[in-house]
Novice: 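Before anything else, here's the structure in question.
Lettering of chains follows the sequences in order, A, B, ..., and the numbering in each one begins at 1. What you are looking at is a predicted structure, and each value in this text was computed from that prediction instead of being measured.
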Amino acid sequence: MSRPVSRASIIGSIVKKDLTEYSRDRLWMFLTLLVLVFMIIVFWVLPDRVDESIPVGISGLGDPAVLVGLESTEEEGLRLVAFDSAGDLRSVVAGDADAWQTNGGVVVIPDNSDAEKPEGAEKANVDIGLAFPADFLTATASGNETTVEIFVDAQVPDELKSSMSSLVRELAFAVAGSPLPVDTANPQEVYTVLGEDRAGNQVTPRESFRPLLVFLVLLMEMFGMSSLIAREVQSKTVTALLVTPATTGDVLAAKGIAGAVLGLGQAVILLAAINVLGSEPLLILTLMLLGAVMVSGAAMVAGSLGRDFLSNLFYGMMFMVPLMIPAFTVLFPGTATGWIQALPSYPLVQGLVKVATYGDGWAEALPDVGALLAWCVALFVLGWVVLKRKVETL
Amino acid sequence: MTDAAIKVENITFSYGDLEAVGGISFEVAPGEILGFLGPNGAGKSTTIKILTGQLTPKSGSAQVLGVDVTKDDPEMQAQIGVCFEEKNLYDSMSGQENLKFHASLFGIKDVDTDELLRRVGLADRAKDRVAKYSKGMKQRLMMARTLVNTPKVLFLDEPTDGLDPVSSQSIRKLIQQEADRGAAILLTTHDMNEADELSNRVAFINEGKLYAVDTSENLKLKHGKRSIRVRTRDGAGVTEQIVSLEESGAGEALRAAVGSPNLMTIHTEEATLEAIFIQMTGRGLEG
């Protein structure tokens with residue numbers, strides 16, 4: 001006669017069995033490791049700095065004094081690259097030639113040339129060029145009409161084009177020794193940066209990709225778990241569980257715990273490898289735990305609905321695609337519209353961005369933690385209903 | 001019958017509009033094997049699903065060990081064993097691991113898997129993954145899993161279906177041992193010989209209805225002929241004689257036949273269970 005068995009003991013047994021099965025599935029183990037290693041490599045390959053200056057090519061200014069005057073514009077984020085001729089400048093901006101910055105100046109190599117890049121030279125990506133005429137200084141100084149050609153790549157925003165026009169006019173007034181028609185000190189402009197001023201400290205591509213990478217690892221776990229659940233349903237081993245003292249609730253709880261352990265484990269490895277756990281580790285781990293539970297709930301639904309590997313993959317994709325959208329909005333700020341914010345993965349991504357990128361704490365991330373918790377409950381209840389109905393039809 | 005381990009009263013169940021079980025009643029006592037005999041789709045597996053709590057009956061009542069089966073009582077479930085028709089084992093785990101895991105669901109930590117595997121002839125394959133087992137080996141492991149908690153009630157759904165004669169015989173031996181131990185056994189099968197060999201009583205089920213619940217002997221007596229067929233050599237030919245046991249003088253006729261040097265064979269004329277099933281339901285057991 002067997003002794004009464006506790007719910008915790010039953011759940012623990014099923015979790016142990018699930019983890020054993022997962023560890024023996026060579027395909028999922030391989031994919032899990034592959035994705036983990038791939039994500040870590042992708043992260044460290046991504047650029048970790050943002051070049052905030054805009055390279056502007058100039059030609060035709062012989063007087064170094066004028067150049068010195070122009071270079072003061074670097075404070076405004078412009079980096080000047082001096083070309084020998086307007087023709088060279090035009091071909092570089094047009095994309096017909098490459099400009100290489102050497103100690104002796106810029107070397108322009110047309111695309112159709114066999115010439116090799118100068119040793120130790122750095123490529124100058126010039127999308128805007130100002131071609132000053134040879135008589136620019138004398139003409140403006142004497143008040144005569146002259147024309148400055150501005151070359152812009154088709155993709156340069158309009159605001160930048162108009163600022164180039166202003167720059168030329170400002171320079172002309174400076175050369176002519178005339179005051180500007182408008183006193184730039186009156187009215188005064190006072191900038192108030194709302195939130196953290198990221199000038200000089202922009203979010204790098206590496207930082208932007210963090211939530212996406214973490215989320216992709218969680219999604220891999222979702223596929224792995226849904227495969228495990230689908231196998232349990234399709235092979236009808238779940239019915240063998242449910243004629244013992246184990247209940248549907250025990251099976252679901254065990255799946256959730258196994259999924260959370262797998263997802264959280266992988267996420268922690270990734271977070272440690274991409275150097276995120278340093279700031280607010282407890283908050284980040286809480287977010288990741290809830291995220292892992294949330295995708296486990298989704299895995300239950302997908303795994304219960306599928307009849308075979310392909311349909312399981314189909315239902316997994318049905319969850320994966322919408323869940324990934326919020327992670328992509330981090331790469332394109334300002335694109336998270338209302339319906340995207342309503343997706344279950346949004347609070348997870350938002351919370352991660354706040355903590356990992358902007359250094360926020362519990363107070364700022366609490367609404368996201370709450371929303372994520374609510375989604376975990378909702379997806380688990382849905383998974384419960386779907387799995388129970390499925391088991392009843394076996 | 002008192003102290004029935006399984007007690008079913010007028011239960012019904014339907015899959016949509018299709019009535020799978022239509023008001024059946026029966027009981028199984030401890031130590032008794034009730035053979036549930038019927039063709040595929042007769043309602044045998046649905047009845048087991050109801051009795052093991054996988055399905056809820058639409059009406060009627062069913063008790064196992066005195067507990068209403070709709071109550072989902074863990075204590076009752078701790079005392080039953082179910083052998084499914086499907087081989088629902090964990091293929092990536094070994095036979096031993098399957099048994100240990102199943103035992104852990106009953107809170108049994110010191111299960112003697114070696115003894116269980118020895119009983120089903122799998123002791124030498126204990127550590128092999130189930131994926132490498134043959135169909136017969138999987139079925140024997142299923143039986144071992146069913147016995148892991150030494151259950152008081154066994155539900156065996158087609159336990160020998162599709163097995164070779166040797167595997168079938170070893171499983172039948174095991175079933176008899178469990179009945180001898182005192183377990184109440186509900187055995188579904190469409191194998192007439194299995195039901196005849198193992199069951200204390202048989203129940204005929206077809207299209208969700210019970211047609212008879214009785215011992216094999218009683219059914220044969222009720223529905224078969226009480227006569228004996230005697231064949232004797234007659235020169236180059238064979239003479240056949242039917243001796244009715246209902247008539248006077250049957251004893252003398254039999255004594256004469258047995259004493260004859262030309263006697264070839266003597267056979268009773270009792271009906272087979274299959275013949276009785278067809279006679280009662282109008283349908284064969286296969287199909």
Novice: Supply the atom-to-atom distance S235(A) OG to D91(B) CG, rounded to the nearest 0.5 angstrom.
Specialist: 7.5 Å
Novice: For a side-chain contact (heavy atoms from CB on, under 4.5 Å) check, start with the C-alpha distance between F106(B) and T244(A), then their side-chain angles and the critical distance, and finish with the verdict.
Specialist: CA-CA 7 Å; F106(B) 293 95; T244(A) 69; 3.7 Å; yes
Novice: Are the charged groups of K236(A) and E85(B) less than 4.0 angstrom apart, N to O?
Specialist: no
Novice: To the nearest 0.5 Å, what is the distance between CD (E86(B)) and OG1 (T237(A))?
Specialist: 11.0 Å
Novice: With side chains defined as the heavy atoms from C-beta onward, is the minimum distance between E97(B) and K17(A) less than 4.5 Å?
Specialist: no
Novice: Does a side-chain heavy-atom distance below 4.5 Å link T239(A) with T52(B)?
Specialist: no
Novice: Would you name the heavy atoms of L105(B) and S13(A) that are closest together and state the gap between them?
Specialist: CD2-CB, 4.3 Å
Novice: Heavy atoms only: give me the nearest K109(B)-S9(A) pair and the separation to one decimal.
Specialist: NZ-OG, 4.3 Å
Novice: Mind ranking I10(A), V243(A), T247(A) by heavy-atom pairs under 4.5 Å with chain B and telling me who comes out on top?
Specialist: V243(A)
Novice: Of the backbone (N, CA, C, O) and the side chain (C-beta and beyond), which part of K100(B) lies under 4.5 Å from a heavy atom of chain A, both, or neither?
Specialist: neither
Novice: Write out, in numerical order, the residues from residues 57-74 of chain B with a heavy atom short of 4.5 Å from a heavy atom in chain A.
Specialist: D72(B), P74(B)
Novice: Heavy-atom pairs under 4.5 Å with chain B - which of I11(A), V238(A), L241(A) has more of them than the others?
Specialist: L241(A)
Novice: Quick one: closest heavy-atom pair of R145(B) and A240(A), and the distance?
Specialist: NH2-CB, 3.5 Å
Novice: Shortest non-hydrogen contact from S92(B) to E21(A)?
Specialist: OG-CG, 3.5 Å
Novice: Could you check if a side-chain atom of K16(A) sits within less than 4.5 angstrom of a side-chain atom of F101(B), using non-hydrogen atoms only?
Specialist: no
